[in-house]
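Values below: every heavy atom of this structure, side chains too, minus hydrogens, waters and symmetry copies. Numbers for residues simply follow the sequence, beginning at 1. Order of appearance sets the numbers: ligands from 1, and atoms from 1 within every ligand. Keep in mind it's a predicted model, so treat the numbers as computed, not measured.
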Amino acid sequence: MNQVELSAVEKHYGEYHALRNIDLSIPEGAFVALIGPSGCGKSTLLRSIAGLEQISSGTISIAGERVNDVPPRRRDVAMVFQSYALYPHMDVERNMTYSLRLRRRSADLIAAAVREAAATLNLSGLLGRYPRELSGGQRQRVAMGRAIVRHPKVFLFDEPLSNLDAELRVKMRGEVRALHERLGATSIYVTHDQIEAMTMADHIVVLKAGRIEQQGPPLALYDRPANRFVAGFIGSPSINFIEGAVTADGGHVTWEGLERPLSLGRRLSAAQRVQIGLRPEHLAVATDGTMAMVVDTIERTGSQTIILGRCGGQPMTVIDHGRPVLARGDNLRLAVAPDHIHLFDPDSGAAV
Ligand SMILES: Nc1ncnc2c1ncn2[C@@H]1O[C@H](COP(=O)(O)OP(=O)(O)OP(=O)(O)O)[C@@H](O)[C@H]1O
Ligand SMILES: [Mg+2]
């Protein structure tokens, strides 16, 4: 059974249409990431599932029960916010047990829940501290502890790691994922960081302007983006787009003087314009390469060299895993991985 099910969900804030025809089925135990640019409706969608926003139409079900009219505290979901939202005047233990005390759970149950959550989150030594006496990562753990003690059916995370520095964020990513596996609860995780989504989730939902652009397993979105937007959003550095066309015989695609056979099954009309998507990691500096590039900027990270430049007049980024000797203004040859050429309709943006 699906743990969370949304059907034709719409949300208006006055004139503003924030969610458009959202259909989403989340199986029990799944880890789903909602991603998309700022303002696309991620928090609105999450808050609608939590019951913190009233949807305008459509249905939301949790564990088979329609919850449109069920208040947040009876939906059996727990939400972890970006801001942690800890009570400053309560110590860690009281912050974690607040919701249980509010529900008048027994002292034994509360004590056991705190012990378990504190051990799980490595907070056992900090139960007497106040939020101001904790590091950012510790505060984030307390916020998660507060969700865990309730044993909810569904965890909702709204950018919980975005206030942490890069190193801690990577560490906490692993911890949240491990926690998910240990607890086995369904998790819905909002982030605008596509790397976070790719590494943590088993299903990704890409939103744009209140609409689902594509959803699926992380690598399916990377390998087969449904449109230009998803292709540009998944992958770092971003995919390159370059103008091209189908040849007069309809059998090849051509750009910047290059020609590649169209794979079987692709239905494109002769001489049709296309937009070609080439990921930086699928281009390589090669003396026998077929695509000419002029170098503008070279960024060396140690493990890789990111080369920014132009092919014809069009901007191009390449990731090289070696340390090529290069300077601004150099002319390079690039080899193009033949199985990694994405084609899009230049008008609709849809993959073709
Ligand atoms: N209470 C509200 N009244 C009116 N408009 C709102 C309200 N809350 C959100 N919006 C609008 O709805 C849109 C979606 O907002 P939402 O907070 O869901 O975006 P988001 O994807 O979470 O963005 P971010 O990544 O910046 O957190 C935005 O354009 C926002 O301005
Ligand atoms: Mg948000």
Side-chain angles (χ1 to χ4, degrees), residues 4-24 26 31-60 62 67-69 71-72 75 77-86 136 139-140 143-144 146-147 154-166 169-170 172-173 176 186-201 203-216 218 221 225-236 238 349:
V4 178
E5 185 106 39
L6 282 76
S7 167
V9 167
E10 304 271 343
K11 172 70 183 171
H12 296 267
Y13 290 112
E15 293 283 278
Y16 190 78
H17 199 170
L19 295 178
R20 295 162 185 261
N21 195 26
I22 302 288
D23 288 321
L24 187 57
I26 300 178
F31 194 117
V32 174
L34 301 179
I35 64 171
S38 185
C40 71
K42 304 180 295 293
S43 296
T44 301
L45 185 53
L46 204 68
R47 292 171 57 81
S48 300
I49 296 169
L52 302 171
E53 299 286 352
Q54 183 80 39
I55 56 174
S56 308
S57 63
T59 314
I60 300 180
I62 296 174
V67 294
N68 286 39
D69 305 311
R75 290 196 185 189
V77 303
M79 190 145 162
V80 180
F81 298 90
Q82 173 179 5
S83 61
Y84 318 144
L86 300 179
R139 276 179 219 171
Q140 190 51 55
M144 281 194 262
R146 206 165 44 173
V154 183
F155 284 102
L156 304 172
F157 296 98
D158 196 352
E159 311 220 22
L161 308 185
S162 54
N163 285 336
L164 305 178
D165 65 45
R169 205 156 62 218
V170 172
M172 288 297 286
R173 243 192 239 164
V176 174
T186 310
S187 300
I188 308 178
Y189 188 101
V190 165
T191 175
H192 58 254
D193 180 340
Q194 58 94 19
I195 299 279
E196 211 166 272
M198 294 291 282
T199 52
M200 294 174 79
H203 189 89
I204 294 182
V205 178
V206 183
L207 284 172
K208 178 191 171 195
R211 219 185 277 284
I212 295 179
E213 291 280 308
Q214 189 176 4
Q215 54 173 312
L221 267 56
N227 53 48
R228 252 191 71 120
F229 177 78
V230 175
F233 202 78
I234 304 269
S236 174
S238 281

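Close contacts between ligand 1 and Glu159 involve ligand atoms 25 (O) [criterion: under 4.0 Å to a heavy atom]. Each of the atoms 14 (C), 15 (O), 16 (P), 18 (O) of ligand 1 lies under 4.0 Å from some heavy atom of Thr44.
The shortest contact between atom 14 (C) of ligand 1 and any protein heavy atom is with Gly39 O, 3.4 Å. Closest protein heavy atom to atom 12 (O) of ligand 1: Tyr16 CE2, 3.4 Å. Tyr13 CB, 3.3 Å is the protein heavy atom nearest to atom 4 (C) of ligand 1. Among all protein heavy atoms, the one lying closest to atom 26 (O) of ligand 1 is Ser38 OG, 2.5 Å. Scanning the protein heavy atoms around atom 25 (O) of ligand 1, the nearest turns out to be Lys42 NZ, 2.8 Å.
Distance screen at 4.0 Å: atom 31 (O) of ligand 1 has no protein heavy-atom neighbour inside the cut-off.
Under the 3.5 Å distance criterion, with hydrogens and angles disregarded, no donor-acceptor pair is assigned to the side chains of Glu159 and Tyr189.
With Ser43, Ser162, Gly36 as candidates, the residue nearest to atom 27 (O) of ligand 1 on a non-hydrogen basis is Ser43.
More than 12 heavy atoms of other residues, nucleotides or ligands lie within 6.0 Å of NE2 in His17, so this atom counts as buried by the packing criterion.
Judged as a side chain to side chain contact (heavy atoms under 4.5 Å, CB included), and not counting sequence neighbours, the contacts of Asn227 are Glu213, Phe229, Val230. Every salt bridge (Lys or Arg N to Asp or Glu O under 4.0 Å) that Lys11 has, sequence neighbours left out, goes to Glu53. Applying the side-chain hydrogen bond (donor to acceptor under 3.5 Å, both in side chains) criterion to Thr186, with sequence neighbours excluded, gives no partner residue.
The side-chain heavy atoms of Met172 and Leu161, taken from C-beta on, include a pair separated by under 4.5 Å. Between Asn68 and Thr59 there is a side-chain heavy-atom pair separated by less than 4.5 Å.
The distance from atom CD1 of Ile204 to atom CD1 of Ile234, rounded to the nearest 0.5 Å, is 4.5 Å.
Protein-derived N/O/S atoms nearer than 2.8 Å to the Mg ion (ligand 2) total 1, waters excluded.
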